[in-house]
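This report concerns only the one structure given below.
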Amino acid sequence: MENGKQENKKVVAGILGIVLGCFGAHKFYLGYQKEGIIQLIVSVVTCGLGGMVGFVEGIIYLTKSDEEFYQTYQVGKKSWF
């Protein structure tokens, strides 16, 4: 991280993905409104099975290094996985 002033949302996004991933909470937290709405709709249509995507993404977020997460999801705006 440069200057240590970058806001890294890795831990909060990861926990939101694991706990509230079916609602797309981690997507909304990272600023991906369209993807959050898609996640929410998929979860409703699949009776919650679509929430597994959020769970898996939460684990992926937490296993990345801080710098890798920042560059991939906050700077690079990679919206899925």
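As a basis for the values below, the full set of heavy atoms in this structure was taken, side chains included, without hydrogen atoms, waters or symmetry mates. Worth saying up front: this structure is predicted, and the values here are computed from it rather than measured.
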ask   = Donor-acceptor pair, Gln74 side chain versus Glu7 backbone, under 3.5 Å?
value = yes
task = Taking all non-hydrogen atoms of both residues into account, name the closest pair between Lys10 and Lys64 and its distance.
result = NZ-O, 2.7 Å
Joint hydrophobic cluster, Val45 plus Ile37, side-chain heavy atoms closer than 4.5 Å = yes
request  = Compare all side-chain heavy atoms of His26 with those of Tyr32 and state whether any distance is below 4.5 angstrom.
outcome  = no
Flag if over 12 foreign heavy atoms under 6.0 Å of CZ, Phe23 = no
message = Is it true that, when you exclude Lys34 itself, more than 12 heavy atoms of the residues, nucleotides or ligands shown sit nearer than 6.0 Å to its NZ?
response = no
remark   = Heavy-atom nearest pair, Gly51 first then Ser43, reads N-OG, 3.4 Å
Beyond-backbone contact of Phe69 with Leu62, side-chain heavy atoms, under 4.5 angstrom = no
request  = Report yes if the side chains of Leu16 and Tyr61 come closer than 4.5 Å at any heavy-atom pair, otherwise no.
outcome  = no
task = Report the distance from atom CG of Asn8 to atom CD of Glu68, rounding to the nearest 0.5 Å.
result = 11.5 Å
ask   = Could you give the distance from SG (Cys22) to CD (Gln39), rounded to the nearest 0.5 Å?
value = 8.0 Å
ask   = If we only count heavy atoms from C-beta on, is the Ile38 to Trp80 side-chain gap below 4.5 Å?
value = yes
ask   = In the single-linkage hydrophobic clustering (I, L, V, M, F, W, Y; side-chain heavy atoms under 4.5 Å), do Val44 and Leu20 co-cluster?
value = no
message = With clusters defined by side-chain heavy atoms of hydrophobic residues (ILVMFWY) lying less than 4.5 Å apart, directly or transitively, does Val11 cluster with Val19?
response = yes
query = Is it true that Tyr73 and Val56 fall in one hydrophobic cluster, defined by side-chain heavy atoms closer than 4.5 Å?
reply = yes
query = Which atoms form the tightest heavy-atom contact between Val42 and Gly50, and what is the distance?
reply = CG1-CA, 3.9 Å
Same apolar cluster (I L V M F W Y, side chains within < 4.5 Å links), Tyr29/Leu40 = yes
